[in-house]
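Scope of the values below: all heavy atoms of this structure, side chains included, with no hydrogens, waters or symmetry mates. Below, chain A is the first sequence line, B the second, and so on; all start at residue 1.
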2 protein chains.
Amino acid sequence: MKNIRLKDIAEALGLSVSTVSRALSRKGKISVETIRRVEEKAREMGYLPNSIAKGLKTRSTHMVGLLIPDITNPIFPEYAQGILDTASEHGYQIIMLNTYKDRNKERMAILSLLSNQVDGLILTSTKLLRRELMELKSKGVCFVVTRRELRIPGVSFVDVDNFHGGYTATEYLIETGKTRIAFIGSRFSGEPARRRLKGYVKALKDNGLQIREEWIIEDESSFEGGYRATQKVAHDVEAIFAYNDIMAIGALIYAFENHLNVPEELAIVGFDDIPFSSLPIVNLTTMRQPMYEMGKQAFETLTNLMKNQAGAHRIWLKPTLMKRGTA
Amino acid sequence: MKNIRLKDIAEALGLSVSTVSRALSRKGKISVETIRRVEEKAREMGYLPNSIAKGLKTRSTHMVGLLIPDITNPIFPEYAQGILDTASEHGYQIIMLNTYKDRNKERMAILSLLSNQVDGLILTSTKLLRRELMELKSKGVCFVVTRRELRIPGVSFVDVDNFHGGYTATEYLIETGKTRIAFIGSRFSGEPARRRLKGYVKALKDNGLQIREEWIIEDESSFEGGYRATQKVAHDVEAIFAYNDIMAIGALIYAFENHLNVPEELAIVGFDDIPFSSLPIVNLTTMRQPMYEMGKQAFETLTNLMKNQAGAHRIWLKPTLMKRGTA
DNA sequence: TTGTACGCGTTATCAG
DNA sequence: CTGATAACGCGTACAA
């Protein structure tokens, strides 16, 4: 069954293709009567516009490419939701791809997306080099970066204020009376961890507490990593601020297995607020990252870019403390 | 900066557009030397093919639409991953949309996707009426349905064998010595719940156990729902088979709060194996649905359809028992 | 108010 | 082996 084209409905009505086109898009001068007839016929024949043909002409496909490291990482579904919902409100479709934090995959994905003539790109935790992003920008590609803070003139990004989050979490632990506080984290080479760590350090200093190197532990981002890191310091500290909820839960498991009372003997604060942290059995106190909001803002920033070629936006979202049972 | 077109590289080389096209696609007779020259020039000029113009001509965009009820439902990210990975292997892009189980949203989404000339559709847990699916089929649209078993001639689907899963879970509980076993579930009107329930009933019968209506509880699919349902039967049964992990965890919370030993006093088996069920603190015994595999199979079934217009495939995946701490 | 003619970037057909 | 030419479906100056 062939699709109905403008031409088909034009012939059925004895009109020209352009008249039909105008009637359907309501552009230019056209009689109300013609509009009515065309619309009726279009409905009757089940006309469905060919958006890609339109895109070829108008140079706008209303498609946006979304690159995510890994959709099974529990912080991302909510983020994706924010993007999908907002895109849908604005009449855009999202083409999604996983990059697995592989710079090469990312490059290929972007080429493929641009080849498909997407109107814009959302790059999540991109590994692309600064130079590459500048090049992309100079080609006139519209894009927004999230979860990576970078200062390239004209490049927009949306990120969480990791420093502020680290500061708030640590300060809260201090407020509850803890003075011996460890930080366990992963990938200290990466920006998010570095900034959360800086927030932790600053909060300790501001409160006249000493920074102890041996209380700052690096391990991998996993339950096991959190467990191991906790093992190294649990005998010596009263509280743990973890880089993320995964590691915090690892700490929780350690406490559980070693019959440490939480939070009395060992208080634990995480970061992210992944869905399971709020389960009654877990009930983790943590810094919530507004991931839905991040997705929403990312898309809205992008639409502004696509429409007005407006200047760059830099958005920091504040994480909020979710007080629950572990601190 | 305008994009480089075939025409640009043709002019730069003093060739015709069609020759350049053939050189790049290596179709038809063309000299090796020309191919070399064209490819070099293309690289040099940074040529990126315009897939949507190509699609207009070839009537194939290599895009596939994916409809999912809700990507934040923890069973779906893995599924989406399976689809994304497989699509990528086959050189396809995925346009993803949430439907929120809303039939109308689904209709709109499909129209919009077809308007974008996708080559195929994957409909997850679709609410569309049988009649609508048949209509879609008769229009020649390629699509695969997942998580809904339906017998429409020529329509392919991939689903988990819910009956088998329900049977296996119940049988396992019986094997561990339990005889008083409850089923807690939600949406008994829906097929998955009905089939799992049937499996439960059959397993009881096959083992000479009685079916007790008051041990079959319906409530909503949430922690609270599972908690409430458990509350109603816990005093009377030794084991609970839950429709899904969410409800099973609700049951677990109930047991936890009421100091019931799990699994001695109350054994619990879930369904899904969502990521958190394997956490040491949760450690839920459950029927694992192979969601990645389901996504993979769905896409592969679809490619077959798109290529050969091959006959319909009906695939049932077997869920597998994950023996952990709660049963 | 409507129709004609052309172009968007690509591929397919048919001559040469 | 290569080049003109005609589509693909739609939008838009320009002419009527």
Side-chain angles (χ1 to χ4, degrees), chain A residues 1-39 41-42 45-63 111-119, chain B residues 1-39 41-42 45-63 91 111-119 140:
Chain A
M1 177 75 94
K2 276 191 60 183
N3 282 334
I4 308 296
R5 305 157 300 167
L6 287 184
K7 189 175 180 191
D8 298 316
I9 114 161
E11 279 169 2
L13 249 35
L15 289 171
S16 78
V17 176
S18 44
T19 305
V20 176
S21 167
R22 273 182 301 236
L24 257 20
S25 62
R26 295 159 178 283
K27 277 190 176 172
K29 317 275 183 186
I30 209 162
S31 83
V32 187
E33 173 56 12
T34 308
I35 293 191
R36 202 195 50 70
R37 283 176 61 214
V38 168
E39 283 187 338
K41 201 67 180 174
M45 300 179 72
Y47 171 69
L48 197 63
N50 183 325
S51 310
I52 102 159
K54 178 188 312 196
L56 186 57
K57 183 69 187 171
T58 63
R59 302 172 164 293
S60 162
T61 55
H62 278 229
M63 297 192 297
L111 284 181
S112 152
L113 253 6
L114 292 180
S115 169
N116 271 26
Q117 311 300 116
V118 295
D119 292 349
Chain B
M1 176 76 91
K2 276 190 58 183
N3 282 335
I4 307 296
R5 303 157 302 166
L6 287 183
K7 190 176 180 189
D8 298 317
I9 113 164
E11 279 168 1
L13 248 35
L15 288 172
S16 78
V17 175
S18 33
T19 303
V20 175
S21 169
R22 272 183 304 237
L24 256 19
S25 62
R26 296 159 177 284
K27 277 189 176 174
K29 319 274 183 187
I30 206 160
S31 82
V32 189
E33 173 57 11
T34 310
I35 294 190
R36 202 196 50 71
R37 283 177 62 214
V38 168
E39 283 187 336
K41 200 68 180 176
M45 299 178 74
Y47 170 70
L48 197 63
N50 183 327
S51 310
I52 104 158
K54 177 187 313 194
L56 185 58
K57 183 70 188 169
T58 62
R59 305 176 158 292
S60 162
T61 54
H62 277 228
M63 297 192 297
L111 284 181
S112 150
L113 252 5
L114 292 180
S115 169
N116 271 19
Q117 312 300 115
V118 294
D119 292 348

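- Residue A/K54 has a polar side-chain atom (N or O) positioned under 4.0 Å from OP1 or OP2 of D/dG11.
- The nucleotide whose nearest atom lies closest to any side-chain atom of B/I30 is, among D/dT2, C/dC8, C/dG3, D/dT2.
- If you check distances only, the side chain of B/K27 never reaches the base of C/dA12 with a donor-acceptor pair under 3.5 Å.
- Residue whose closest nucleotide on DNA chain D sits further toward the 5' end, between B/L56 and B/V32: B/V32.
- Contact annotation for B/K29: base contact, defined as any heavy-atom pair under 4.0 Å involving a base atom.
- At a threshold of 4.0 angstrom between heavy atoms, the contacts of A/R22 include nucleobase atoms, whether or not backbone atoms are also involved.
- Within the nucleic acid shown, A/I52 has no heavy atom closer than 4.0 Å to any nucleic acid atom.
- As a whole-Å value, the separation of B/D8 CG from C/dG9 C1' is 10 Å.
- Looking only at atom types and distance, the side chain of A/T58 has no donor-acceptor partner in the side chain of A/S60 under 3.5 Å away.
- Phosphate contact (OP1/OP2 of C/dT2, side-chain N/O of A/T34, threshold under 4.0 Å): present.
- Taking the side-chain contact (heavy atoms from CB on, under 4.5 Å) definition, one finds that B/S115 meets it with A/L48, A/P49, A/S51, sequence neighbours left out.
- Put simply, CZ on B/R5 is 10 Å from C1' on C/dG7, counting in whole angstrom units.
- Distance A/N3 CG to D/dA7 C1': 17 Å, rounded to the nearest Å.
- Within 3.5 Å, no donor on the side chain of B/T58 pairs with an acceptor on the base of C/dA12, nor the reverse.
- Distance, A/L15 CG to D/dC10 C1': 16 Å, rounded to whole Å.
- A donor and an acceptor atom sit less than 3.5 Å apart, one in the side chain of A/S18 and one in the base of C/dT4.
- Phosphate proximity of D/dG11 to A/S21: present, with a side-chain N or O under 4.0 Å from OP1 or OP2.
- B/I52 and A/N116 get closest at one heavy-atom pair: CG2-O, 3.2 Å.
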Quiz prompt | From CA spacing to verdict: side chain to side chain contact (heavy atoms under 4.5 Å, CB included), A/H62, A/K54 | solution = CA-CA 10 Å; A/H62 278 229; A/K54 178 188 312 196; over 6 Å; no

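- The shortest distance between the side-chain N/O atoms of A/R59 and the OP1/OP2 oxygens of C/dG9 is below 4.0 Å.
- Rounded to whole Å, atom P of D/dT2 lies 14 Å from atom CG of B/L24.
- The CG atom of B/L6 sits 13 Å away from the P atom of D/dG3 (whole-angstrom rounding).
- At the phosphate of C/dT10, OP1 or OP2 sits under 4.0 Å from a side-chain N or O atom of B/Y47.
- Nearest to the side-chain atoms of B/T19 among the listed nucleotides C/dT11, C/dG9, D/dT2 stands D/dT2.
- Side-chain atoms of A/K57 and base atoms of C/dG7 include a donor and an acceptor less than 3.5 Å apart.
- A side-chain contact (heavy atoms from CB on, under 4.5 Å) with A/Y47 holds for exactly one of A/L24, A/V38, A/N3; it is A/L24.
- What separates NZ of A/K7 from P of C/dG3 is a distance of 15 Å, to the nearest Å.
- Of the residues near DNA chain D, B/V17 and A/S51, the one whose nearest nucleotide (by heavy atom distance) lies more toward the 5' end is B/V17.
- The separation between A/L48 atom CG and D/dG9 atom P is 13 Å, rounded to whole Å.
- Residue B/D119 comes nearest to B/R59 through the heavy atom pair OD1-O, 4.3 Å, listed as atom of the first residue, atom of the second, then distance.
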